[in-house]
Amino acid sequence: MTAALFAVLAVLAVTGAVLVFRCASMARATFALLASLVCVGGEVILLGLPYLGVVTVLMMVMEMVVMAVFMVAYMMNPAGLMPMSMVHNRRGALTISGVVFAGLAAGVLLAPWPGRVGTAPQDTTFQAGAALMGDQMLTMVTLGFALLATMVGATVLAVGRGRYDRFGDDLSRPRPDDPAGGGVGR
Amino acid sequence: MLELFLLLAAALFSVGLYGALSQQSIVMIMMGIELMIAGVITAAAALWHFLAPAAADGQVIVVAAVVAMAVEMAMGFAVTTAVFRSRDIDTADAAEDLKG
Amino acid sequence: MSALLWLLAAVPLTAGTALLLTGRRLDRPAPALGVAAAAATLGLAVASAVLRPEASAPLFAGIRAGLRVDGLSAVMTVVVAAVTLAVLVFSAGEKDRLSQGGRFHGLMLLFAGAMLITVTATTLPLLLMAWEVMGAASWALIGFWWRQPQRTRAADTAFLTTRTADLGLYLAAGAALAGGVTALDLDALAGARGPWVHLLTAGVVAAAFGKSAQLPFSFWLSRAMQAPSPVSALLHAATMAAAGAYLLLRLHALLEATAWGGPLVAWTGAATALLLGVAAAAQRDLKQLLAASTCSQIGFMVLAAGTGGVAAGTAQLTAHAAVKAGLFLAAGAWLYALGTKQLPALRGAARAWQWVGAAFTACALALAGLPPLSLWAAKDEVLAAAFAQSAALYATGLAAAAVSAVYSVKALWYVLRETPGDAWQGYDTEESGTRRVTPLMRPPLLVLAAAAVALGVLALPGVFSALRDAVGTPDEPSPSAWQLPLSAAVALSAAWLAWRIQGRGPGPRLLRPAAVRRWAAGWLGLEQAARTLAVRPVLALARATAVFDDRVVDGAVHRAARAALTAAGLARRSDDGGVDALVRAVARTARRLGRAARRPQTGLLHQYYAQAAVGFAVLTLLLLSLR
Amino acid sequence: MADAGSWPSVLVAPAALLALAVLALCSDAVLDARTAGRPATPAAAVRPLLDVVRLLLAQPRRTPASDALLWRIGVLTAPTAAVLAVAVVPFGGHVVADLEVGVVWFNAMEALTWAGLWLAGWGPNAALPLIGGYRFLAQGLAYELPLMFALIAAAVGAESLNVGDIAAAQQGLWFAVWMPVAFAVYLASVLAFSFLGPFGYPAGRDIAGGVLGETSGVDRLLLQAGRWLLLAAGSAMAVPLFLGGGAGPLLPGWAWSLLKTLAVLGLLLWARRRVPAVRADRYVEFAWMVLIPATIVQTLVPALVVLRR
C-alpha cells in the first residue's frame, strides 16, 4: 500500500515540478509547485515523519500563496494571457540538468548503500524535538538567528523608505509620516 | 526502496535545476530553487528513514532544509522588491551590473 | 777674446731676428739697418780673422758648443761678411721691388749669422743647428714672394732636397756618438772606431753634396733661381752653396781616414763640374746658366777637397764667391731694369748700362778662367792638386775649365751685341722692368768686379804659399810651370771658338745633336730622375701606407666600431626580441588570461548557476575519483 | 482515548458536520428574522436553505478569460478543508483519524483555506474578487500566528499534539479556564478563517461581495457551504482543545461534546452579530502587536505548569 502511495505521490510531485516551468500562467505555475511540494510533504509523512510532513505542507501552502501575491506583483504576464517566453539558454540548461540527473541517478544506483542501523522510535516527533532541544541545540540556535536575521534583512531590503524619510532629515519628527496609517501608540 | 526515493529526489532536484537555469524571471528562478530544496528534503527524509532512523540527524537536516527554503523565499522576495523598486525590472538578465 | 766671437755671431742673428719680428713697422728703415749690421759684422769678421779668438759653452751633457776661428774659418768669415754687405747694399737699391724690406733683410742677416756660426763651429751639434737655420733661411728667401705659387713650390723643392741630404749629418752625428767620439768634436771625427767611420763619412758626404747641389742633387739650385736676385747672389752663389764644399774642406782628414772617401768626393766633384758645365752651356736663361755654372765651380772645390787641396779649394771658393756674386747682381740689375733674364732678350744690355756691363764682362771673363784673372789661378791650384792625385782627374778638370769658358763667352756674346730694334718685345716677360738702374746698385758691382780681378794675384807662388800656411796644409802641391800656361791656352782657345760659333748667326747651337741639347737644357734630366727615382716611390710608398693605414688600421678601427655596433644591435635585438618580447608575451598572455577570466562573469544569474552546477559536478566527480 | 475511527465514522463525521452547519445557518436566519422584526417562524429558519435549490438551478455566469480550473479548485478547497479539519476532532470517544499530530493537521487544513480563497478570488479574472482574495490573505496573516500560538498553548498544556490526549488532559480543569487568552484568540480565529461576522472583510459589501462576488450557481453554493462548515469545524475543534472534550457528569461523551459545540456555535453566532466588521490592516496591527505577545505569554503559563508538575 505504501509503495503504491509512494508511486502516486512521486509521479504527482515530478509532474507538478515539470508543470511549474511549462505553464504560461504564473498562478498555475505557483499552484503546480504547491501541489508538488504537498506531495513531497506526503512523502515525508510516508517515511514516518508525520510532524515534519504536515509542517512542510502547512509552510508550503502559506509560502506559495505569498509567492502567488509576489508573482502577480512583479511578473509582466501573470495570467499567461499574452504568448511570451521568459526563457533563455533552454538547451544549455537542459543538458546540464540532464547530466546532473544522470550523474545523481548513477551515484544512487551504483553506490553501495549500507543497511539500516537501529529502528525508528515510536514517536519521531518527540525524537526530533529532543534532538533539536538537546544535542542539536546549536543547530536550533543557528537556525533561529538565521530566521531573525532574514526577517530583519528582508524587511530592510523590501521597505523602500529609510528612517530619514520617516523621521525627517535630522530625525527630529516626533511621529513618523508613513503612507499607511496605524502604528502603535497612535 | 531507498534508491527510488533518492531517484525521486534527484528528479526533483534536476527539474528544479533546469527551471533555475532556464527561466529569466527572478521569481521563477526562486521556484526552481524551491524545487531543488524539496529534492533535498526528500533525500534527507529517505536517508533518515532507510539508513539511520535511530538518530534524529536526518530530521534535523529536513528542518534545516525547510528553514533554508523559508529564508530563500524571504530574502529572494526582498531582493526582488528592492531591485524592482530601484530598477523597475524583474528579469535576472536585466540586472547584470556585476558583468566582468 | 772669446766675447768678440760671440759678438760676431750675435750681431747678425739679433739684428735679423729683430727685423723679422718687428714685421712691417721697420720696412722703411730696414735696408739702412741691414747694411749697418752687415758692415758691423764685416768689421767684427776682419777683427776675428786677425785675432783668431776661440770660445765654447756647455750645450748638452758632455758635449760643448765650441767656436774657433782658425785659418780656413778666418778666410770664410771675411768672405761671407763682405759678400753679405755687398748684396745688402745692392738690395737696398732694389728696395721698391722687395717691398717687405724688414722681412728680407731680417732673413738675409739671419742667414749670414747662421753661415758665420757654421764656418766657425768646432762641434757637430752647433754646426748642425746653424746648418738647419741656413736651410730654413734659404727656403724662406726662395719663397720670399710667397703669393706666387711657382715660387713657393720651388722653395719647397729646394728645401726638401737639401733637408733629405742634411739627414746625412744626423746619421754622421749618430755614427760619431756610436763610434766613440762622444764630444762630437769636428777634428776628432776622423778617430771614430771601426765601421762607424764609414757611416760617418757617408753621412757627411751626403749632406755636403746636398747642400752644394752636387750631381745627384743639383736640380734644386735650378729651382732656387725663383728667389730674388740678391738672394741668388748671396746664398746660391757665394755662401750657402759653398757651405758643403767648406764642410768637406774642414773634414778632409775624415775623408782620408776612409779609403773610398777622397776618390768618391773627387770624382763626383769632377763629374759635376764637367756635366753641369755642359748644362750651363745649353741654357737660354741667364740665371739658369749662372746657377749651372755655380754647380760646376763648386764641383772644382769638391774636387779640391777630395784630392786634399784644402788651400786650393779655399782659394777657388773665395774667387768664385766674388765672381758669381757679381754676375748674379748684374743679372739682377738687368732683371730690375728690363724685366727679363732670357739671353736673347738681353742683347745689348751691357751697352745700355755701361757700368753694369763692364762689371758683368770682368766677372764673366774671370769665370771663363782667362789669365790673369782670379778663377784661372784658383782653378789651376785645384787642377794641380787633382794632377797630384790622378791624370784622369786633371783631364776632366781641364775639360770642365774649357766648358766654363764656353758658357761664359756665350753669355758675354749675347750681352755685348748691339741692342736690336725689336728688343723691347722680349722685355717685361717676367717682371715689370723699370728701365733704370738705381745708383745704390753700382758700387757693390764694381767692388765685386774689382775683387774678381784682384784675386788673380793668387797665381803668385808667394800668396798661395801664405794661404797654404794659413789653412794649415803647407805641403799642398802648387801648380807646376807648365800647368798655368796650358790652362790659359785651353781657356783662350775655348773662348775664341765659342765666340766664333756664337757669332755665326742668331741661335746656332753649340751642341750639335738636338737630343743632347735638350738633355743638357733640362739640367741633365736630374729633376726628372729625382722625381721618378725618389719622389714617385716615396709618394707611392706614402700612398701605400695611407691606403694601408686607411684599409688596415682605420679598417680595423671601423671594423671594431662596426662590430661594436653590430654587437650593440645584436644586444638590442636580443633584448627587444628576447627579453622585451618575453615581457610583452607575458603581459599579453596575462591580459588574455585576464580577459578569459572575465568571460564567465556575464552578470547573468542563470549562467552563474550553470557554472556552479558544473563546478559542483566536477568537484564531486573529482572527490569520488580520489576516494 | 478515543478509539480509532472505523470506516463508517468517515462518513458519519461529515454528515454530523453538515448537520451542525445547517443548524447554525437556520438559527442565524432566525436571529436575522427576529432582529428584522419578523416572527421567528420555522419558515424564516428554513429560508436560507431555499437558496440552495435556487443556486443549484441557476445558470452559472462566466467572466471573460477566467481561469476556470483554478477557480473551481479554489471553490472546492473551502468545504474540503473544513471536512478534513474535523477529521481529527473526537466526538465523545469517536474520532475519524486519531493522528499523532492532530493539532498541526488541523492547522494545515485550516491554512488550506488561504489557498482556496485566493484561488476563488483569482479565478474569475475580475478585480473585486481578486481584491477579496488579497483581503483574506491580509486577514490570514493577521489571525494565523495568534491561532498557532493558541493551539501550541493547548498542546503544551497537554504535552501532546494528539487532540484526544489534549481532551483527556483537561480532566481536572478545562484549559479554557486557565488559558482564557488562548481560548478567546482561538474563537476569534475561527470566525476569521471562516470570514464571518467581524472578519467578513474578504466578502465585504464594499467590494460587492468580494470573493463571493463573481461566483454564481454551484460555485456560490459551495463557497457559502464551506464558510459555514469551517465555522462548525472550528467550533467542534474548540471543544476538545479548551472545553475538556466529552467529559461531563451525566451525559455520554458525545452528548457533552455536542452540547459544548452548540454552545460555542451559539456564542460565535452572537459574536458575529454583535461585533462590528474589522478592517484587516487594523486587525493585523492589533493581532501582531497585542495578541502574539499575549498568546506567547499564555503559552509560557502551561509550559511552566507542565515543567513544575
Side-chain angles (χ1 to χ4, degrees), chain A residues 19 23-35 37-38 41-42 44-45 48-73 78-82 121-129 151 178-186, chain D residues 64-71 73-74 77 81 84 88 97 99-119 121-123 125 130 133-134 136-138 140-141 144-145 148 151 155 159-162 165 279-286 288-290 293:
Chain A
L19 274 176
C23 294
S25 150
M26 289 305 116
R28 291 195 174 188
T30 314
F31 285 91
L33 180 62
L34 173 60
L37 289 170
V38 162
V44 169
I45 295 170
L49 297 169
Y51 172 69
L52 286 180
V54 173
V55 159
T56 308
V57 167
L58 167 65
M59 242 192 65
M60 285 310 122
V61 166
M62 283 190 275
E63 248 187 59
M64 284 315 125
V65 171
V66 167
M67 176 172 280
V69 166
F70 275 102
M71 188 69 71
V72 168
L81 298 177
M82 288 178 293
Q122 174 52 27
D123 184 355
T124 58
T125 314
F126 179 78
Q127 178 194 17
M151 278 189 277
D178 293 335
V184 169
R186 264 202 299 280
Chain D
S66 64
D67 195 336
L69 174 66
L70 291 186
W71 193 356
I73 292 177
T77 310
L84 288 176
V88 293
L99 291 178
E100 273 293 311
V101 288
V103 172
V104 185
W105 175 262
F106 172 80
N107 199 346
M109 289 314 115
E110 170 269 330
L112 273 181
T113 56
W114 283 30
L117 261 297
W118 191 81
L119 284 177
W122 167 265
N125 189 19
L130 188 61
Y134 275 120
F136 182 75
L137 279 191
L141 280 176
E144 192 56 39
L145 281 171
M148 285 187 180
L151 295 175
E159 293 181 73
S160 158
L161 287 172
N162 183 310
D165 296 352
R279 274 217 340 245
D281 55 353
R282 291 211 191 298
Y283 179 63
V284 80
E285 186 185 341
F286 173 71
W288 281 42
M289 289 305 174
V290 175

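By convention in this document, chain letters (A, B, ...) are assigned in the order of the sequence lines, proteins followed by strands, and residues within each chain are numbered from 1. Model, not experiment: these values are computed from the prediction.
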>> Please report the interatomic distance CZ(A/Phe31) to CG(D/Asp67), rounded to the nearest 0.5 Å.
In response: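 Output value for this atom pair is 10.5 Å.
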> Looking at CH2 of D/Trp122 and CZ of A/Arg28, how far apart are the two atoms once the value is rounded to the nearest 0.5 Å?
Replying inline: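 So the gap between those two atoms works out to 10.5 Å.
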>> Give me the atom names and distance for the closest heavy-atom approach of A/Val69 to D/Leu137.
In response: CG2-CD1, 3.2 Å
Any [X] side-chain heavy atom under 4.5 Å of [Y] side chain:
{"X": "A/Thr125", "Y": "D/Glu100", "value": "no"}
{"X": "D/Trp118", "Y": "A/Val72", "value": "yes"}
{"X": "A/Pro50", "Y": "D/Leu99", "value": "no"}

> Heavy-atom distance under 4.5 Å to chain D: side chain of A/Tyr51, backbone, both or neither?
Replying inline: both
>> Less than 4.5 Å to any heavy atom of chain D: does that hold for the side chain of A/Val61, its backbone, both, or neither?
In response: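 For A/Val61, the contact with chain D is made by the side chain alone.
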>> Quick check for you: among D/Ile73, D/Leu119, D/Leu141, which has the greatest number of heavy-atom pairs under 4.5 Å with chain A?
In response: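 Top option by heavy-atom pairs under 4.5 Å: D/Leu119.
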Please look at [X] and chain A and tell me whether the side chain, the backbone, both or neither of the residue comes under 4.5 angstrom of a heavy atom of that chain.
{"X": "D/Asp281", "value": "neither"}
{"X": "D/Tyr134", "value": "side chain"}
{"X": "D/Glu144", "value": "side chain"}

>> Could you check whether atom CH2 of D/Trp105 has more than 12 heavy atoms from other residues, nucleotides or ligands sitting under 6.0 Å from it?
In response: no
